Peer 1: 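Take this structure first; my questions come after.
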2 protein chains.
Amino acid sequence: MKRSEQILRQHKVKVTPQRLAVYGVFNNGKCHLSAEEIFQKVKAQVPAISLGTVYAILENFTSKHLLNEIKIDFSRSLYERTDEDHHHFLCRLCRKVLDVEMPRCPVLDRKSVQGHAIENFQGYFYGVCKDCSSKKR
Amino acid sequence: MKRSEQILRQHKVKVTPQRLAVYGVFNNGKCHLSAEEIFQKVKAQVPAISLGTVYAILENFTSKHLLNEIKIDFSRSLYERTDEDHHHFLCRLCRKVLDVEMPRCPVLDRKSVQGHAIENFQGYFYGVCKDCSSKKR
DNA sequence: CTCTGTGCAAACTCTTTGCACTACC
DNA sequence: GGTAGTGCAAAGAGTTTGCACAGAG
């Protein structure tokens, strides 16, 4: 699978087995993963990897816009591929984070607000998800 | 100033000097404060208060919708009065959090998305603020 | 009087840092 | 070969927890 390697190079990210493995974790469809989850998954491929390295790679990837850091939950960060365009929903009961597709808001296409240059936007919804509200009644 | 006391009671929050002091910290215009900042300000009025109590009060106030927890910055939470309606902007250079007034997006008035009940929304912009970009050139 | 809130300190979680070693380019 | 990445362990920040005492309703 040369594809991931190309993408890393396109983003001017130095290629290592650890980085390919971290990037590869996100290949299986849409997902939001914590550093710890990524660490566990990557260990299957690169057993010697350390959690510190995972954090270093995640920091590198987010600064190069390969990944987005999602801070919707109040304890840990989640990460996802940047190629997805949506908001996020956190259920206060089951703590699951769900993607929310919505009609694109015109403000999000703006390059600046009140003179401040916009590089990124995150929209977070909080509430109770469909599954949890149906369980209750 | 009986006003704060009334508001606390209206929100079914038991009134104590500590709680009045924490609530009072937000009286001076729009502000986003961290737990530590609130702790420091409240100590002026209630010297014996502890940081743990501040956290307990903040948790109580957010659950009763007296305050909003803002998790835009990746290290600590900020808190603000709920009566303000806006998004937030974090400057990646000076780390300041700014309010962003914008045309209200129609999706925000929805009570649910894809079957999930919405109780709260936070819109976070990331980038470089006006002050920092003017300093650079 | 009872139950919740408070103060204090220790514990916990997630993340960052320092340093020696490794390996991309 | 030089610079950036890695592994490990320890440190750090912010927040939570447990418990005994105090105070609101």
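Proteins come first, then strands; the chains are lettered A, B, ... in the order of their sequence lines, and each starts at number 1. Because the structure is a prediction, the values reported are computed rather than measured.
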Peer 1: Quick check on ring pair (Phe, Tyr, Trp, His ring centres under 6.0 Å): which of F89(B), F125(B), Y124(B) does F121(A) satisfy it with?
Peer 2: F125(B)
Peer 1: Can a side-chain donor-acceptor contact be found between S77(B) and E69(B) if the only test is distance below 3.5 angstrom?
Peer 2: yes
Peer 1: Within the 4.0 Å heavy-atom criterion, would you say L51(B) contacts the bases, only the backbone, or no part of the nucleic acid?
Peer 2: base
Peer 1: Check whether the side chains of E80(B) and H86(B) place a donor and an acceptor atom closer than 3.5 Å, and report yes or no.
Peer 2: yes
Peer 1: Give the rounded distance in Å between these two atoms: CZ of R9(A) and C1' of dA4(D).
Peer 2: 15 Å
Peer 1: Below 4.0 angstrom, which residues in residues 52-64 of chain A have at least one non-hydrogen atom near DNA chain C?
Peer 2: Y55(A)
Peer 1: Nucleotide range of DNA chain C contacted by chain B, 5' to 3', under 4.0 Å to a heavy atom?
Peer 2: dT4(C) to dC8(C)
Peer 1: From the list dG14(D), dG25(D), dT6(D), which nucleotide is the closest neighbour of the side chain of K14(B)?
Peer 2: dG25(D)
Peer 1: To the nearest Å, give me how far apart CG (L20(B)) and C1' (dG23(D)) are.
Peer 2: 14 Å
Peer 1: Pull out every residue in residues 39-46 of chain A that has a heavy atom closer than 4.0 Å to any atom of DNA chain C, ordered by number, or say none.
Peer 2: none
Peer 1: If the helix axis at each end comes from five base pairs, how far does the helix from dC1(C)-dG25(D) to dC25(C)-dG1(D) deviate from straight, to 10°?
Peer 2: 50°
Peer 1: In whole angstrom, what separates L33(B)'s CG from dT15(D)'s C1'?
Peer 2: 17 Å
Peer 1: Can a cation-pi geometry be assigned to R81(B) and Y23(B), taking NZ or CZ under 6.0 Å from the six-membered ring centre and within 45° of the ring axis?
Peer 2: yes
Peer 1: Residues two or more places apart in sequence or in another chain: which of them pass side chain to side chain contact (heavy atoms under 4.5 Å, CB included) with E36(B)?
Peer 2: S34(B), F39(B), Q40(B), L51(B)
Peer 1: Please check the phosphate of dT15(D) (OP1 and OP2 only) for any side-chain N or O of S77(B) closer than 4.0 Å.
Peer 2: yes
Peer 1: Who are the side chain to side chain contact (heavy atoms under 4.5 Å, CB included) partners of A117(B), not counting sequence neighbours?
Peer 2: none
Peer 1: Evaluate the side-chain proximity of T82(A) to L66(A): yes if any heavy-atom separation is below 4.5 Å, no if none is.
Peer 2: no
Peer 1: I want to check one thing: is the phosphate of dG5(D), taken as OP1 and OP2, less than 4.0 Å away from some side-chain N or O of R19(A)?
Peer 2: yes
Peer 1: Can you tell if the side chain of I70(B) reaches within under 4.5 Å of the side chain of Y79(B), non-hydrogen atoms only?
Peer 2: no
Peer 1: Report yes or no: do H87(B) and Q122(B) form a side-chain donor-acceptor pair below 3.5 Å?
Peer 2: no
Peer 1: Between Q18(B) and dA24(D), does any side-chain N or O lie under 4.0 Å from OP1 or OP2?
Peer 2: no
Peer 1: Given side chains that start at C-beta, do those of H11(B) and R9(B) come closer than 4.5 Å, heavy atoms only?
Peer 2: no
